[in-house]
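Just so you know, ligand 1 is whichever comes first in the structure, and atom 1 is the first atom listed for that ligand.
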Amino acid sequence: MSSNRRSFVARGLVAGAGGAALGLPTVVAAQQTFNWKMTSAYAKGAPFYMDGPGSATDLAKRIDTMSGGRLKIQVFGAGELIPAFEGFDAVRAGTVEMNHANSYFWTGKTFAAQYFTAVPFGLNFQGINGWFYDGGGIDLWNEVYAPFGMVAMPCGNTGVQMTGWFKKEVNSVADLKGLKMRIPGLAGKVYANLGVDVKVLPGGEIFPALERGVIDAAEFVGPFQDRRLGLHKAAKFYYTTGWHESATVSELLINKAAWSKLPKDLQAIVENASAACNVISEGWCQKANSDAMEDLIKNQKVIAKPLPDPVIAALRRETEKVLAEGIAKDPLTRKVHDSYFAFKAKYDRWQEVSEEAYHLKVRG
Ligand code: CA
């Protein structure tokens, strides 16, 4: 800007009414401050979910800073205000304005919610973001929650998770029969179809159960989170190939009536801060998992390997059956499923000649 132009603008601002006549921005005299509450399904201080780059507390802090303190969000860990899995009902009732968790906890309310966290044999981090931001995914998410008076958006991602910890090697589908395994959600149903005795335990109970032999195998998250629980001390075989959660999405769930009361600029701040945390949290996981995996293999002598191909084929077959049951029951789930997998079919072809070609031919 030339010095002439600068002084002209300065005069305009000082002149007030003259500024408006020049088309300069009008300053809103009284800007309302909003004080919101956000609950989480995870405990206070939990890395990635509640603490650290891209976490729930980081999201609230970014929104506070970006809004100049006009949108203040008080963050509560699981059990501080409400129990871990009551976020859906609390946001729906308007008791709290926001909840930070994963949509697959709400499959009992609406099965389609599964698709906005992780579908077995689903999209990777880049792919799910393509579907969300540009392939109609977020619009479908909001359509699924419309009857509940809520809106949602992605606000974090773990990237690909690990199949989990096994006390004994898995060499065939037959080895799964009778195996007692901690594995929640849709993946649990898939394993159950193959004869696994599925157990659902909270994170804190996994290590003692695995160590004492109450369970033979356990899935949690990935190298950083799993090492934190000490799972490598209770089982030696670490199966990779996270077929069940290829890029697990964290969900920001918002009461729609509260959302519609926010001015457009604050809505934009929430959307942009969530998108930032989506990327930043996944970046944090890549670094944390790289460090943890090196330690697990080099120092803890963990045996990491993929599941055998016939086991993966059986898991894929059973996944298709479980998903088919879900879409047969509910037209909205079918709509989400069709959108997700139509996107994935094209994305897979693109992956083959882009990222996969790079990894196979170039990376070394
Ligand atoms: Ca998991």
Please name the atom of Glu245, limited to N, O or S, that comes nearest to the Ca ion (ligand 1).
OE2

For the Ca ion (ligand 1), find the closest N/O/S atom belonging to Glu219 and write down its atom name.
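Among the N, O or S atoms of Glu219, the one closest to the Ca ion (ligand 1) is OE2.
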
N, O or S from Gln161 under 3.0 Å to the Ca ion (ligand 1):
yes

Metal proximity, Phe220 vs the Ca ion (ligand 1), N/O/S cut-off 3.0 Å:
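Yes, within the cut-off.
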
Check: Phe88 and Leu253 side chains under 4.5 Å, non-hydrogen atoms:
yes

Close side-chain approach of Glu251 to Trp141, heavy-atom, < 4.5 Å:
yes

Salt bridge Arg70-Asp64, side-chain N to carboxylate O under 4.0 Å:
no

Asp295 bridged to Arg227 by N-O distance under 4.0 Å:
yes

